[in-house]
Structure formats: C-alpha cells, structure tokens
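Some notes on the structure that comes next.
Here is how names work: the chains are called A, B, and so on, in the same order as the sequence lines, proteins then strands, and each is numbered from 1. Below, all heavy atoms of this structure are taken into account, side chains as well, without hydrogens, waters or symmetry copies.
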Number of protein chains: 2
Amino acid sequence: MKDIQISPSEWEVMRVVWTTHPITSKEISRILNEKKDWKLATTKTLIGRLVKKGMLTTAQNGRQYDYSPAVTEDESLKEASEHLLNQVCTRKVGELIEMMLESRTLSIKDLESLEKIIQMKKENAPEVVVCGCIPGQCTCS
Amino acid sequence: MKDIQISPSEWEVMRVVWTTHPITSKEISRILNEKKDWKLATTKTLIGRLVKKGMLTTAQNGRQYDYSPAVTEDESLKEASEHLLNQVCTRKVGELIEMMLESRTLSIKDLESLEKIIQMKKENAPEVVVCGCIPGQCTCS
DNA sequence: ATCTATCGGCTACAATTGTAAACTATAAAT
DNA sequence: ATTTATAGTTTACAATTGTAGCCGATAGAT
C-alpha cells in the first residue's frame, strides 16, 4: 500500500466512484453538480489526476472511459484517520476520540458496537499510554 | 472563530508553541530539529506564515520575538477532526470512530471516559442516523 | 461523406505548501 | 566605533491544488 495523498476535491470525486462504479466522467460531474459549482472541465481534471495517482482504474468503452476505484473507501478512510491521529500525542488520542464522539449523532447499533470494542480493549488497557513525542511537542514529560 | 487552514508542517510548529510559550524562534527550531531536518530558515518561514494567519501572537523582546499560540490546541484539533468527519457520510461516522479506536492504545481512564459518553448518548440515540449526503455520494439510499 | 457534439488530454494560472537562501537591521562583542 | 552574529523579513522556486479553457480525435447524425 502506498501513501498517496488525495486532496479534498479529489475526495469528493472518489466518494462518487466508491458509491457507483463503473461510472463515466459525465455522470460523476452530474452527481457532483448538486454540491459543487464545478465546470465539467474541473471534474475531468480531478478525474485525470486521480487516474494518474492510481486511485482510479479505467476501462475503455467506445470513445469514453468507465472509471472504478482502485482502493476502497475504508482503506482511504483509514489513511486519513491515521493522519489525524498522528498529529497529536498518543496520550491525547482518547480526548480526540471523545471530541469526535461528542460532536456527532450515532445510532444505537454504532454505540453498542463501540461499547463492545471498548470492553474488549479494557482487558488489556494500560494505566497510562506511552507518549512517543519528542521533548517539547507535548506536555507529557 | 475563523476557519484558517493550517498545513502539516505548520502544525508541527504549533505543537511546539502549544507545549511551551512564550517561546523564541530559535528554541522552536532547536526542538523541531529532533524530528525534522529543517534549516533554521525553514522554521522561520513557517513561523512567519503562522503569524500572518493569526495562529501565533508575538511579543517583542529586544531584537527578537516571543511567540505564543493565538488558538488552543483543542480548538485546532476540533477543527481538524470536523474536517475528517465531514469527509464521510454521517452514517459512516460510527465506523470511522471504530477504526480509530481500534488502531490505538488507550488508557483505562480514556476507555472509561468514552464508555461514559457512550452511555450518555445511548439515552437519546436514534435507531438510524440521518444521512445528509447528496444522492450518489453514499450508499444509504 | 461530412458535420457536429463530445470525450479525454493538454495547457493555464493563481494560491498554498515545503524548503531555503539572501537581505536588512541591530544587539553584543571587541 | 567597528565588526560580527543573529533576528525577523523578503524573495525564490518547485510541487500540489483548485479551477477551468482549449484542442484533437471520433462516434453518431445527416
């Protein structure tokens, strides 16, 4: 797995392709028009960049292409969340997750699932998380 | 609060200032040398940009400046996590949080705190979360 | 057989980011 | 009083991103 960077605008395109594929550029553009005031050309540029980055695969179909995702949404999401997690001291991760938890509505099922994971983790949880920051980048030491 | 964008490299600088302030550019640079192969000039550029963006305040002290954060780490972290959350369908947020939870070690205290929040939220949790995506950007409908 | 709508690709261009050298002003050393 | 080290500022320059126009090829219409 490589660590390709995918920009916010590109992400919008990926979401469409993850949802429906194979899909044409025209259809992608049509769908995104609901949300973004992009010209068709803009969408095409983003698609082109995603193809170049290896995030989309193409299948020729007459004069046009059908696009499909080359990575799953979960993989990309994982990437993105690791990025965020890496921005804070490991000892602050709990607080970060609390923030996210508090800011959004979750379903009963979601909450139960989270609960289960937490139960599980409590079995082997340390008293205190090891901080891996360099001195001066967190207040742990 | 405005929605200023703060880049990854700038974030590294902010972390130092959040940890210790007021602080001089030289000291910031010294601390970051542990982690980044940046020339002093590079750090100074980043500091300059952060000042311009209003993320750092300055207090003149002789020929040099003492820098302090203009926003808290929590505020910025909140910003950053909202960004991530906004990248997925609201109905997928649970899954996203699960991912994060699973990928990191948390302390007993962290876990208990999360548990408490979850208990709380369960009181008013809906059966299913409302999806606010445009058609074609998630698989809800 | 020719025209036309359209497709993907190429080009464009400003803003942001990563990285840093050069410049200017000045505090400190001699 | 000069020199020198250094602090912040300006300039630089390539890569990425946001945004889009234009162009050459071709499938479909006439």
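Computed from coordinates, the A:Lys52 NZ to D:dA15 P distance equals 12 Å when rounded to whole Å. A straight line from CD1 of A:Ile47 to P of C:dC7 spans 11 Å, rounded to a whole angstrom.
Applying the ring-ring contact (aromatic ring centres under 6.0 Å, His included) test to pairs two or more places apart or on separate chains, none has a residue in residues 52-89 of chain B. Each ring-ring contact (aromatic ring centres under 6.0 Å, His included) pair with one or both residues in residues 11-48 of chain B, not counting sequence neighbours, appears once here: B:Trp11-B:Trp18.
Of the residues in residues 26-34 of chain A, not one places a heavy atom less than 4.0 Å from an atom of DNA chain D.
Every residue was checked against the side chain to side chain contact (heavy atoms under 4.5 Å, CB included) condition with A:Lys116, not counting sequence neighbours, and none meets it.
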- prompt: Just by protein heavy atoms under 4.0 Å, how would nucleotides 25-30 of chain C read 5' to 3' in B, S and -?
  reply: --S---
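With salt bridges taken as basic N to acidic carboxylate O contacts below 4.0 Å, none links A:Glu112 and A:Lys109.
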Detail all sub-3.5 Å separations between protein N/O atoms and N/O atoms belonging to nucleotides 16-22 of chain C.
{"from": "C:dT17", "atom 1": "OP2", "to": "B:Lys53", "atom 2": "NZ", "distance (Å)": "2.8"}
{"from": "C:dG18", "atom 1": "OP1", "to": "B:Ser9", "atom 2": "N", "distance (Å)": "3.4"}
{"from": "C:dG18", "atom 1": "OP1", "to": "B:Ser9", "atom 2": "OG", "distance (Å)": "3.3"}
{"from": "C:dG18", "atom 1": "OP2", "to": "B:Ser7", "atom 2": "OG", "distance (Å)": "2.5"}
{"from": "C:dG18", "atom 1": "N7", "to": "B:Arg49", "atom 2": "NH1", "distance (Å)": "2.9"}
{"from": "C:dG18", "atom 1": "N7", "to": "B:Arg49", "atom 2": "NH2", "distance (Å)": "3.4"}
{"from": "C:dG18", "atom 1": "O6", "to": "B:Arg49", "atom 2": "NH2", "distance (Å)": "3.1"}
{"from": "C:dT19", "atom 1": "OP2", "to": "B:Trp38", "atom 2": "NE1", "distance (Å)": "3.0"}
{"from": "C:dT19", "atom 1": "O4", "to": "B:Arg49", "atom 2": "NH2", "distance (Å)": "3.0"}
{"from": "C:dA20", "atom 1": "OP2", "to": "B:Lys39", "atom 2": "N", "distance (Å)": "3.4"}
{"from": "C:dA20", "atom 1": "OP2", "to": "B:Thr42", "atom 2": "OG1", "distance (Å)": "3.1"}
{"from": "C:dA20", "atom 1": "N7", "to": "B:Thr45", "atom 2": "OG1", "distance (Å)": "3.0"}
{"from": "C:dA20", "atom 1": "N6", "to": "B:Thr45", "atom 2": "OG1", "distance (Å)": "2.6"}

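Within a 6.0 Å sphere centred on CD of B:Glu127, other residues, nucleotides and ligands contribute 12 heavy atoms or fewer. Residue B:Lys35 qualifies as enclosed at atom NZ: its count of foreign heavy atoms under 6.0 Å is above 12.
Contact check, A:Ser25 against C:dC7: no side-chain N or O comes under 4.0 Å of OP1 or OP2.
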